[in-house]
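Here the structure comes first, spelled out in structure tokens, and everything after it is commentary.
Numbered from 1 within each chain, the chains take letters A, B, ... in sequence-line order.
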Number of protein chains: 2
Amino acid sequence: MKRQRTQRNVTMVDIATATGLSLATVGRVLHDTGYVSAESRKKIEAYIQKTGYVPNKIAQGLKSRQSKLIGHLVVFNPNMLFAKISLAVNAAAREQGLHVLTMTSHKGLEEDEALVNELIGHRVDGVVVTSNVSMPKAAIQKLVDRNIPVVMIERTLAVPRVDRIRVDDLGGARLAVQHLLDHGHRRVGFIGMHLFHEVERLRLAGYRDALLGAGQTAQDDLVRLMAEYSPEAGKQAMESFLAAPEPPTAVFATSDLFIGGVLQALHARGLRVPHDLSLVGYDDTLAAMFAPPITSVGLSLDDVGRQAIDLLLKRQPTPAASARTLTLGTVLIDRGSVACMA
Amino acid sequence: MKRQRTQRNVTMVDIATATGLSLATVGRVLHDTGYVSAESRKKIEAYIQKTGYVPNKIAQGLKSRQSKLIGHLVVFNPNMLFAKISLAVNAAAREQGLHVLTMTSHKGLEEDEALVNELIGHRVDGVVVTSNVSMPKAAIQKLVDRNIPVVMIERTLAVPRVDRIRVDDLGGARLAVQHLLDHGHRRVGFIGMHLFHEVERLRLAGYRDALLGAGQTAQDDLVRLMAEYSPEAGKQAMESFLAAPEPPTAVFATSDLFIGGVLQALHARGLRVPHDLSLVGYDDTLAAMFAPPITSVGLSLDDVGRQAIDLLLKRQPTPAASARTLTLGTVLIDRGSVACMA
DNA sequence: CGAAAATAAGTTAACGTTAACCTATGAAGC
DNA sequence: GCTTCATAGGTTAACGTTAACTTATTTTCG
């Protein structure tokens, strides 16, 4: 009945003493290097099999000064965009034998500093920042100063020696608005978020670009900048459009999160998409779920994870290289929520 | 111009030699234990401040045999449910000085075994499993055998010595269906997923319970079990209801992911919620975003993270305790998508 | 005044893995 | 018959932190 209270994990030393061989020989079997007799190998492998020995990554990390961990700072927003990125980063990391320490920031500035310190404490081999929150430049700088490679996804703030992966937001917005213009719409509404974040500035620029390209003048009376991405904000914006003297015939929303609210506002007045209003979303996270399904701008996130990890690993040997920026393309996913103007 | 290629991180030994004090004294300052003169303390703290020393958790982990990491095995499904749980687990872990190694499984059985081995390699202090995929019992057993505490969220499979946090799916489904019955509906449709997972069996049981309680007989012709949670599946199910000789007047869907499709099917025939069909969803992840907003059963996930971490930490001192199950309540969030039968 | 207690600090051995370095056999090769 | 080399294996010192010991000084007080 005697049972050790907290039985220790099997170690290489345990294997060595149990097989009567030395630590070095055990190491040689584990790493498949050097000369080991078939007999010794068999003995060691049998013992490993029997005990289910798993090498201790903590000890390996201490020795190699590499944690094989990467940090992922991410704020899950209400659509699945960042969750998708999280998934992609995880998969790509695993392919490289890395693991991901996910940290979700929700409070403000101070906490971000703390998060970064914790990542440093764990001696992460790199950090991916996926976030539209205002992580202070200083916090990121702290990582850079320690030669910890950093990649930022969907964050246009430039920091020296930090690689970025961004989406071609200007092009994406232009794609959406051009689609509306091509269907003969001339009064095109824009529902976006305040311009604190560069991504929104670019989307608005893309909207204006497309209008100007079609010989239209700026339609700033049809621009609504809300405080957040949410159905409520979308509803407010749409109601405000409907109350205007000359409402738009088409609307581009910079996030699929606005769509539900837009539809609710229309629904309340008995109006329908695309008959009474043409609508295009952005992200393509939710657009397929509405009735009717909504045309939206999809972001090519397929291998954003692999690219992020690639950038991190490439930076390792040459810490001082200048920053690279990778721009992901966008594609319009047509679901028929845009009608032709007669 | 000479610059060390990969300048090492500052260590306690560095602090000791730089200040002319011993390793032990540095340790005493860092842990605020024992006797240290004000002068020595000041010297050490100044050096720490200057160099930005951050303790190496890897070395601490090796010494203490505690990684301060917990593993989170999770499959992000298309609604935000699991992302929400991930967030909650992260926040709760951080409050306890733990960090989360997130692992997203997507392939099948074999990979799950590998994931578990990697968690063991990192010597995680506990594992949270949030997943409706079929992670083999054997993989979980492997963790249990090593006295690594495991908590399963929303997974009804019972494993010895593994704590569970589940949702009262039977009660939740009953709540939804009772709501429909209370409004006078007698032909109530059920859209769920195949009964491979216990959660779906419980939801179906809740549906039947409510019907029987109202003196109704089972309405198995109004039950549709789909292959996946998705708008497409919801659409198919609803179309099949509409093609039936006597369609239901109300529908309960076991996931908000079905709702979009249900609305699309209705929309195609010019039918409206709640006028032509009453609808209640489940999860309350997306229901608020539709037009009209849909009544749904919300899960009390607020402190699911804290509870998960609590269970893990409580299990630490007494590894052999029997399994506990925590059941989370549900609440009906009424958004008016249910009409009274005249 | 001397013993006990408080204060201040140093030494050293783990924790589990890796890798450089060393030793000892046979078997070829000249 | 000696050197060279391929084979098989052992010893040991890191990696950075912790904590148990040990060693001095001062105080405190019966």
Side-chain angles (χ1 to χ4, degrees), chain A residues 6-45 47-48 51-69 97 118 120-125 146, chain B residues 6-45 47-48 51-69 97 118 120-125 146:
Chain A
T6 311
Q7 87 270 23
R8 271 173 54 264
N9 276 300
V10 181
T11 70
M12 284 173 65
V13 176
D14 294 339
I15 300 173
T17 54
T19 55
L21 291 161
S22 79
L23 194 53
T25 305
V26 175
R28 278 188 274 261
V29 169
L30 286 170
H31 304 121
D32 211 15
T33 60
Y35 296 106
V36 183
S37 70
E39 191 196 8
S40 298
R41 182 183 304 274
K42 200 188 294 177
K43 258 199 281 188
I44 289 170
E45 277 170 352
Y47 192 78
I48 287 175
T51 57
Y53 165 78
V54 176
N56 184 330
K57 289 222 173 152
I58 297 180
Q60 289 178 332
L62 184 58
K63 188 85 236 291
S64 67
R65 296 156 186 258
Q66 292 200 336
S67 62
K68 293 285 173 190
L69 292 177
E118 285 160 31
I120 292 173
H122 279 286
R123 296 295 189 270
V124 291
D125 297 339
R146 286 177 191 250
Chain B
T6 312
Q7 87 270 22
R8 271 173 54 264
N9 277 299
V10 180
T11 71
M12 284 174 64
V13 177
D14 295 339
I15 300 173
T17 55
T19 57
L21 291 161
S22 79
L23 194 54
T25 305
V26 175
R28 278 187 275 260
V29 169
L30 286 170
H31 303 121
D32 212 14
T33 60
Y35 296 105
V36 183
S37 69
E39 191 196 9
S40 299
R41 181 182 304 275
K42 199 188 296 177
K43 258 199 281 188
I44 289 170
E45 278 170 350
Y47 192 79
I48 288 174
T51 57
Y53 166 78
V54 176
N56 185 329
K57 289 224 169 143
I58 297 181
Q60 289 177 332
L62 184 59
K63 187 85 237 288
S64 66
R65 294 155 186 259
Q66 292 199 338
S67 62
K68 294 286 174 189
L69 292 177
E118 286 162 29
I120 292 172
H122 279 287
R123 297 294 188 271
V124 292
D125 298 339
R146 287 177 190 250

Could you tell me how far apart A/Met12 (CE) and C/dA14 (P) are, to the nearest whole angstrom?
18 Å

Rounded distance (nearest 0.5 Å) linking atom OG1 of A/Thr51 with atom CG of A/Asn9
10.0 Å

Could you state the atom-to-atom distance from CD1 of A/Ile58 to P of D/dC15 in whole Å?
19 Å

Can you tell me how far P of D/dA14 sits from CG of B/Leu62, to the nearest Å?
17 Å

If each of B/Val36 and A/Val13 is mapped to the nucleotide of DNA chain C with the nearest heavy atom, which maps nearer the 5' terminus, i.e. the 5' end?
B/Val36

May I ask you to verify if any side-chain N or O of A/Gln60 is less than 4.0 angstrom from the OP1 or OP2 atom of C/dG16?
no

Distance check, rounded to the nearest 0.5 Å: B/Ile120 atom CD1 versus A/Lys57 atom NZ?
11.5 Å

Rounded distance (Å) that lies between atom P of D/dA19 and atom CG of B/Leu30
12 Å

When the distance from CD of B/Glu39 to P of C/dA9 is rounded to whole Å, what number comes out?
8 Å

Taking CZ from A/Arg28 and P from C/dA20, how many angstroms apart are they, rounded to a whole number?
12 Å

When you measure from the side-chain N and O atoms of A/Ser22 to the phosphate of D/dG10, is any distance below 4.0 Å, counting only OP1 and OP2?
yes

Can B/Thr11 and B/Asn56 be said to form a side-chain contact (heavy atoms from CB on, under 4.5 Å), step by step?
CA-CA 8 Å; B/Thr11 71; B/Asn56 185 329; over 6 Å; no

Atom-pair distance (CZ on A/Arg65; P on C/dA19), nearest Å
13 Å

Side-chain contact check for B/Tyr35: nearest option of D/dG10, C/dA6, C/dG16 is C/dA6

Side chain to side chain contact (heavy atoms under 4.5 Å, CB included), paired with B/Arg28, selected from B/Asp32, B/Leu30, B/Val26, B/Thr25:
B/Thr25

Listed nucleotide nearest any side-chain atom of A/Leu23, set D/dT7, D/dT12, D/dG16
D/dT12

Nearest heavy atom decides the nucleotide; on that basis, is B/Lys63 or A/Arg41 closer to the 5' end of DNA chain D?
A/Arg41

Using only side-chain N and O atoms of A/Ser40, determine if any of them is under 4.0 Å from OP1 or OP2 of D/dG9.
yes

Exam field: side chain B/Ser67 to backbone B/Arg123, donor-acceptor pair closer than 3.5 Å
yes

Can you tell me the distance, in whole Å, between the CG atom of B/Asp14 and the P atom of D/dC15?
10 Å

Listed nucleotide nearest any side-chain atom of B/Leu21, set D/dG10, D/dT17, C/dG10:
C/dG10

For a quick test of reading the model: is some side-chain N or O of A/Ser37 closer than 4.0 Å to OP1 or OP2 of D/dG9?
yes

